[in-house]
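First up is the structure itself, then whatever we jot down about it.
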Amino acid sequence: MASLRVRQILLEVLAIDQPDPPGLDGDTVWRRLCASVTLSVPVSGAGVALMTAAGHGGTLAVTEGPAEVMENLQRTLGEGPCLTAFHDRRPVLEHDLARAGQRWPGFAPAATASGIAAIFAFPLQIGAIRLGVLDLYRDTAGPLDSLQLAEALDYAAAATTILLDLQHEQPTDGLQSQLSDALDNHRVIHQATGIISVQASVGIDEALLLLRARAYADGRPLHELGQDVVARTVTFHPEDDHHE
Amino acid sequence: MSREQRLAEVFIELADTLVDNYDVIDLLHTLCERSVELLQADAAGLILADQRSELHVMASTSEEAKLLELFVLQADEGPCLDCYSTGEQVVNIDLDEVEARWPRFHAATAAVGFRSTHAIPLRLRGQVLGVLNLFCSDRVTLSDSDVALGQALCDIATVGLLQERTVRRGEVLAEQLQSALNTRILIEQAKGVLSERSRISVDDAFGLMRAHARRNHLQLGVVAAGLIDGTITAATLTAGP
């Protein structure tokens with residue numbers, strides 16, 4: 001089930017709770033997300049990095065100051081918490097970077113020198129769909145408590161949803177009606193995504209977007225359509241797609 | 001084989017599993033299977049809580065939708081939720097007697113034909129990580145030593161979840177939990193891919209993936225990722241050993 005908090009974050013960052021939602025471009029959305037997360041989680045700065053199979057694929061947004069150093073260092077050195085998080089498909093919570101020299105011999109001392117004491121990196125992923133990383137840093141050492149961690153994870157979930165849509169140039173103003181569906185985590189949805197990727201010969205990320213688009217077009221809950229896909233009463237073979 | 005011999009065998013199997021590069025999700029599935037066998041149950045599920053205390057089914061003895069639904073609806077009511085909130089064992093629940101207490105849960109269990117249920121917590125230093133939930137087609141009453149055995153199986157699951165040898169302030173546990181949750185999604189996506197490629201059910205797809213992972217000493221997540229990116233073909237799995 002979708003976390004209510006993730007929905008709130010999306011509404012705030014995409015500004016679609018406003019009476020007249022502005023047409024937002026990607027840059028603005030990412031700047032807002034980075035600014036918002038630093039207010040809600042006790043961290044000094046944040047960055048969102050695009051990731052590709054080859055590694056760091058560019059920085060989407062960073063807050064001012066050391067966050068930029070954090071992203072640039074990882075990009076040039078080819079190592080750091082964000083790359084580890086992406087590679088291992090799990091968050092990297094390093095609450096004392098000064099002691100992490102063995103883990104990242106190039107990154108840790110350089111980042112520490114620029115005032116980064118703790119770093120928390122969250123992969124932006126849905127199973128095999130891997131898009132990027134949300135990096136949070138703080139100028140003092142120490143862990144996030146469980147509520148702060150939950151909040152950071154909800155920002156990562158919101159960022160994943162936005163990134164998936166922006167990557168495929170879905171207009172953000174269409175997101176509102178799909179918000180609850182986009183966060184539905186029922187297992188048939190993931191099974192259906194796998195099935196569609198084979199039927200339509202597309203990547204797993206595009207398969208999820210196809211499923212969501214059809215659910216939206218048909219006005220049906222995502223998991224209900226997912227059930228039909230798993231039961232093969234709905235298929236996504238290119239030749240029998242009458243929806244266009 | 002006596003029950004004692006079988007018990008010893010199961011614990012040796014589990015101890016053997018907990019070495020090197022073991023697979024958490026496979027371990028949780030094995031625990032579900034063994035708990036059903038040793039505690040006279042017919043179905044089991046292992047449910048973990050995420051950072052927001054939302055409950056996720058990580059492993060179960062069957063992928064049957066009606067069983068999975070029983071775990072899912074306990075987000076709102078049922079022994080699983082009680083066990084998670086209190087950290088106490090909720091065992092020997094006669095399902096004929098819970099209609100007033102948990103109406104939706106009662107109706108759903110009656111539809112599947114279960115008569116009794118147990119919920120045993122996965123605990124770590126006062127924190128409840130999740131619940132092992134067992135269902136029985138007969139009215140089963142566990143003895144104290146049965147309950148202790150069930151708790152021991154849950155404690156093994158907890159150890160398995162920690163994976164790393166040291167847990168610094170819960171950080172590694174949180175990393176591990178998030179990793180397991182994402183792997184679960186990855187596996188579902190791969191089940192879809194394999195079921196479409198090989199024209200089999202998603203349940204059969206999972207069985208094939210698990211068998212392939214065990215045969216080749218691979219983690220389930222690695223097999224799942226390989227099926228999705230095409231580095232492992234469906235034919236490799238369906239061909240068998």
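Protein chains get the first letters and strands the later ones, always in sequence-line order, with residue 1 at the start of each. Values below: every heavy atom of this structure, side chains too, minus hydrogens, waters and symmetry copies. From a predicted model like this one, the values you see are computed outputs, not experimental measurements.
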Between CD of B/E196 and CD1 of A/I196, what distance do you get to the nearest 0.5 Å? 9.5 Å
Give the member of B/V72, B/D50, B/L68 that has the highest number of heavy-atom pairs under 4.5 Å with chain A. B/L68
Rounded to the nearest 0.5 Å, what separation is found between the CZ atom of A/R130 and the CG atom of B/L186? 9.0 Å
Is there a donor-acceptor contact under 3.5 Å from the side chain of B/Q189 to the main chain of A/I126? yes
Is a side-chain N or O of A/R187 found less than 3.5 angstrom from the main chain of B/V57, in a donor-acceptor match? yes
Hey, which of A/V188, A/V229, A/D88, A/D154 has the most heavy atom pairs under 4.5 Å with chain B? A/D154
If we define contacts as heavy-atom pairs under 4.5 Å, which of B/G221, B/S195, B/G192 has the most with chain A? B/G192
Say whether, by atom type as modelled, one donor and one acceptor occur between the side chain of A/Q125 and the main chain of B/N182 under 3.5 angstrom. no
Can you tell me how far the CD1 atom of A/I195 sits from the CZ atom of B/R197, to the nearest 0.5 Å? 12.0 Å
Which portion of A/A192 sits near chain B, non-hydrogen atoms under 4.5 angstrom: neither
For B/R123, look at atom CZ and say whether over 12 heavy atoms of other residues, nucleotides or ligands are found less than 6.0 Å away. yes
Would you confirm whether B/E175, through its side chain, and A/L93, through its main-chain N or O, come within 3.5 Å as a donor-acceptor pair? yes
Proximal component of B/Q127, with respect to chain A [non-hydrogen, under 4.5 Å]: neither
Does B/I228 reach the side chain of A/S197, with side-chain heavy atoms less than 4.5 Å apart? no
Quick check for you: to the nearest 0.5 Å, what is the distance between B/Q51 atom CD and A/L149 atom CG? 4.5 Å
Assess the residue pair A/R90 and B/Q178 against the criterion (side-chain contact (heavy atoms from CB on, under 4.5 Å)); give the C-alpha distance rounded to whole Å, side-chain angles, the decisive distance to 0.1 Å, and a yes or no. CA-CA 6 Å; A/R90 62 194 277 172; B/Q178 288 304 315; 5.6 Å; no
When only pairs under 4.5 Å are counted, which of A/R232, A/Q227, A/E151, A/R5 shares the most heavy-atom pairs with chain B? A/R232
